[in-house]
**Q** 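The following block contains the structure, expressed as structure tokens.
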Amino acid sequence: MKTIATLGPEHSQSWQAAVQYDREAEIRLFPHVRALLDAFAAREVEYAVLPVYNTREGEKKQYFRFFDQIKSGYWVDNVVLHSTLSLGVFDEESAVADLRLLIGKREAFNQCEEFIEDRLPGITEMSVTDIGQAVAEIRQGGETRGKAVIDSAEALNGLGLRIIEREVAPHNRTRYAVLGHALAPVTGYDATTLITEPLADRVGILVDILSEFSRRGISIADMRTENDTKTQKLRIYLEAEGHIQTDILAGALAHIESRVIQQRGMIRVLGSFPRVDMRTKYIKSFGFIGTGAMSRWFAERLESEGYEVMLTGRSTALRPEEMVRRADVVVVCVPISVTSATVRQYGPLLGPGKALILLAGESEETIRAAMEATDQEVEIMLVHNLWGPQAATMKDKNAIVVRTPRSGLFCGEFEAFLYKHGADIYHDSPSKHDLLMGIGQKLPTLISVALAMTLHDNRITSEDIASHCTLTSLYPILAMARVHSQNPRTYAEIMSTAGDGRKIVADFARNLRQVIDMADEAAIADLGALIDANAGRLSEPFLQARMQQAKAVDEVLGRMI
């Protein structure tokens, strides 16, 4: 049988957390943290359960001082307890208006601050460490009228008090750290906590430390800083997603110690454990229609967030029809040319209360198909990710989100997932999305393909290009090379998109014909005036920013050529 140390008395919130962690364990109660940690360090118990964070109160104790007291063991798990703080009185007659003295622990007063200010203004508060003893003394004195106790409903019932107000601190949850003597194993959905020793002064050290996590795609779940009491040097507490035994996190910490802090032994790993999320998640499972590289890319990252993910396609054992029945959110990630047909095939199978996420590069027709093919109670949203499966992370990559009148809670959670992983999110209407994609993808791809054909028609070799191009005129050549060095099906799909992107291409062709005619006529003055007019239609900040980018590209190209 496990032995767990926690803070007493019986029925206290810490006791409830220990019972929630293991109902079969032997619970040993201690009056204060010091005694509890001494027993844990001496291995008198296998585990210790201690409060570290409350949603209404914040951190229960400064992490730095708290973990300095822990000399051995690891943080191996968590318990999130939904606190049921209530108001109890001693007799049958007392009402809220009669109360003059309120007894409770200091943290309970902090968590119930709104209720006390609204319903018990001016009441005298008596903070105690042992509520059971305080209740016994009041009963022994015989003066119980006008006195009340704030504690969990379970504790109040255990003390024989009458509850007159329940849930006086709504949305009140407390996170408890579970300490053990051995590091927890990798689960695939983990977090690691660490704390630094006092760090020597160095400009930008906090930013540099965070940058090492950021560039590896490691999310920071919590961070706190404090000046060390003795030295007044900076200390940092971090909770990062991932297990210390994974290469990506272990490598980040090793690099931070050797290259950023530049001193070994300055990071103490407190432990790794299954990740706990104090935020409410409404989605439990995602199902993908499509098993391509992009589906697998998203699936891997959704699994790292703790979601169940199912991949289905033409050759998978799990059929899309069965997956649609089981998944909370269905994601369609198939070639652009068959997206609408896929939506019309499987959309009718989605029941009310589910969501359909369209990972697609064409908006108007795709969304129209989804709205027509699904139940009115199915959420719908389109996401166009402007990166491929070779990207290491989505940080600083553009994601276009097209919400619909039926985008709801599930869609918002998926958008929050994109935001958390660093995507730059832009919101478009369906028509605006397709119009801008005409500029950003369809037209450049068409030009690249036509340019390659033109080079062939005129027997121009790749060696000829470098010798006769300025750095600026190399830009379309670079785009052409990119298109022709990757999956041709992808770019063929982009060129074949419908919607307002076609208008962009048609307008460009018409304007190109006009410019060619003016150039053939040597209408230099008119061409110059046209360029001036175009510049006037582009904002000055836009032109300046693009010029700076162009100069940066020129500098890089100049070094390479």
Side-chain angles (χ1 to χ4, degrees), residues 55-56 80 82 167 169-173 175 189 191 219 221-222 241 274-290 294-295 297-312 320 322-333 339 342-343 346-360 363 366-385 394 398-430 432-433:
T55 53
R56 298 181 67 87
V80 177
H82 292 253
E167 291 284 350
H171 314 296
N172 187 24
R173 288 171 289 166
R175 178 183 179 184
Y189 184 63
S219 180
D222 191 13
E241 294 183 357
R275 199 185 310 170
V276 62
D277 197 337
M278 298 296 284
R279 299 163 295 181
T280 301
K281 283 185 176 179
Y282 299 96
I283 301 171
K284 291 184 173 58
S285 58
F286 283 86
F288 280 76
I289 297 177
M294 205 70 245
S295 292
W297 193 94
F298 271 102
E300 178 183 337
R301 282 150 185 82
L302 287 166
E303 286 177 332
S304 75
E305 290 295 324
Y307 298 108
E308 177 192 0
V309 179
M310 296 166 276
L311 289 172
T312 64
E322 174 64 15
M323 176 276 292
V324 169
R325 186 182 65 81
R326 290 165 49 182
D328 294 327
V329 177
V330 173
V331 182
V332 174
C333 185
T339 298
T342 302
V343 168
Y346 296 108
L349 304 180
L350 273 77
K354 294 179 179 287
L356 178 62
I357 302 292
L358 308 163
L359 291 181
S363 180
T366 306
I367 288 178
R368 184 183 302 112
M371 299 288 277
E372 293 173 354
T374 57
D375 186 276
Q376 289 295 313
E377 297 302 317
V378 172
E379 295 186 27
I380 293 173
M381 185 171 76
L382 182 140
V383 175
H384 186 184
N385 54 290
M394 61 181 90
N398 291 342
I400 313 303
V401 172
V402 182
R403 298 181 68 87
T404 73
R406 284 161 51 186
S407 298
L409 202 63
F410 285 0
C411 292
E413 189 168 327
F414 186 79
E415 189 172 338
F417 156 75
L418 299 174
Y419 178 82
K420 176 184 175 182
H421 282 258
D424 288 337
I425 297 173
Y426 297 88
H427 291 92
D428 283 347
S429 66
K432 181 181 178 183
H433 168 269

**Q** A169 and N172: which non-hydrogen atoms are nearest, and at how many Å?
**A**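 Smallest interatomic distance, heavy atoms only, reads O-CB, 2.9 Å.
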**Q** Do Y346 and T312 have side-chain heavy atoms sitting under 4.5 Å apart?
**A**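 Y346 vs T312: side chains apart.
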**Q** Can you tell me if CD on E303 sees more than 12 non-hydrogen neighbours from other groups inside 6.0 Å?
**A**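 Correct, the count exceeds 12.
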**Q** Are side-chain heavy atoms of M394 and N385 found at a separation under 4.5 Å?
**A**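 Heavy-atom side-chain distance check fails, nothing below 4.5 Å.
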**Q** Looking at every heavy atom in both L350 and A355, which two are closest together, and how far apart are they?
**A**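 Distance-wise, the nearest heavy atoms are CD2-O, 3.8 Å.
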**Q** Look at the side chain of S219 and the backbone N and O of E241, then say whether any donor-acceptor pair between them is shorter than 3.5 Å.
**A**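 Not confirmed, S219 side chain does not pair with E241 backbone.
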**Q** Answer yes or no: is there a side-chain heavy-atom contact under 4.5 Å between E379 and L409?
**A**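 Of all side-chain heavy-atom pairs linking L409 with E379, at least one is under 4.5 Å.
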**Q** Once you round to the nearest 0.5 Å, how far does CD1 of I380 lie from CZ of R406?
**A**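 Interatomic distance, I380 CD1 to R406 CZ, rounded to 0.5 Å: 3.5 Å.
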**Q** I need the S285 OG to M323 CE distance, nearest 0.5 Å.
**A**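 One gets 9.5 Å once the value is rounded to the nearest 0.5 Å.
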**Q** Is there a donor-acceptor contact under 3.5 Å from the side chain of Y426 to the main chain of A399?
**A**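 No.
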**Q** For I357 and C411, work out which heavy atoms get closest and say how close.
**A**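 Closest heavy-atom pair between I357 and C411: CD1-SG, 4.1 Å.
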**Q** Compare all side-chain heavy atoms of E305 with those of E413 and state whether any distance is below 4.5 angstrom.
**A**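 Of all side-chain heavy-atom pairs linking E413 with E305, none is under 4.5 Å.
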**Q** First locate atom CE of M294, then atom SG of C333, and finally report the distance between them rounded to the nearest 0.5 Å.
**A**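 These two atoms lie 7.0 Å from each other.
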**Q** Quick one: CE on M381 to CG on L359, what's the gap to the nearest 0.5 Å?
**A**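 M381 atom CE to L359 atom CG measures 9.0 Å (nearest 0.5 Å).
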**Q** Are K432 and S363 side-chain neighbours, meaning at least one heavy-atom pair lies under 4.5 Å?
**A**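 When only atoms from C-beta onward are counted, S363 and K432 do not touch, as no gap falls below 4.5 Å.
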**Q** Just how far is it from atom CZ of F288 to atom CE of M310, taken to the nearest 0.5 Å?
**A**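 Separation between the atoms: 10.5 Å.
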**Q** Keeping the roles fixed (side chain from R301, backbone from L418), state whether a donor-acceptor pair exists under 3.5 Å.
**A**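 Not a single qualifying donor-acceptor pair exists.
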**Q** Can you tell me how far apart CG (L356) and CE (M371) are? Round to the nearest 0.5 Å.
**A**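 The CE atom of M371 is 11.0 Å from CG of L356, to the nearest 0.5 Å.
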**Q** Heavy atoms only: give me the nearest V343-A373 pair and the separation to one decimal.
**A**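 Smallest heavy-atom distance, with atoms named: O-CB, 3.9 Å.
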**Q** Kindly indicate whether the side chain of D328, heavy atoms from C-beta on, has any atom under 4.5 Å from the side chain of F410.
**A**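 They are in contact (side-chain heavy atoms under 4.5 Å apart), so the answer is yes.
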**Q** Determine, for Y307 and K281, whether the Lys NZ or Arg CZ falls below 6.0 Å from the six-membered ring centre while staying within 45 degrees of the axis.
**A**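 Judged by the rule, K281 and Y307 form a cation-pi pair.
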**Q** Can you check whether L311 reaches F298 side chain to side chain, under 4.5 Å on heavy atoms?
**A**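 The answer is no; the side chains never approach within 4.5 Å.
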**Q** Looking at S429 and V402, what are the two nearest heavy atoms and their distance?
**A**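 Heavy atoms only, the tightest pair is C-CG1, 4.0 Å.
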**Q** Over all heavy atoms of both residues, which pair between R326 and K354 is shortest? Give the atoms and the distance, please.
**A**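 Taking every non-hydrogen atom into account, C-NZ, 4.2 Å.
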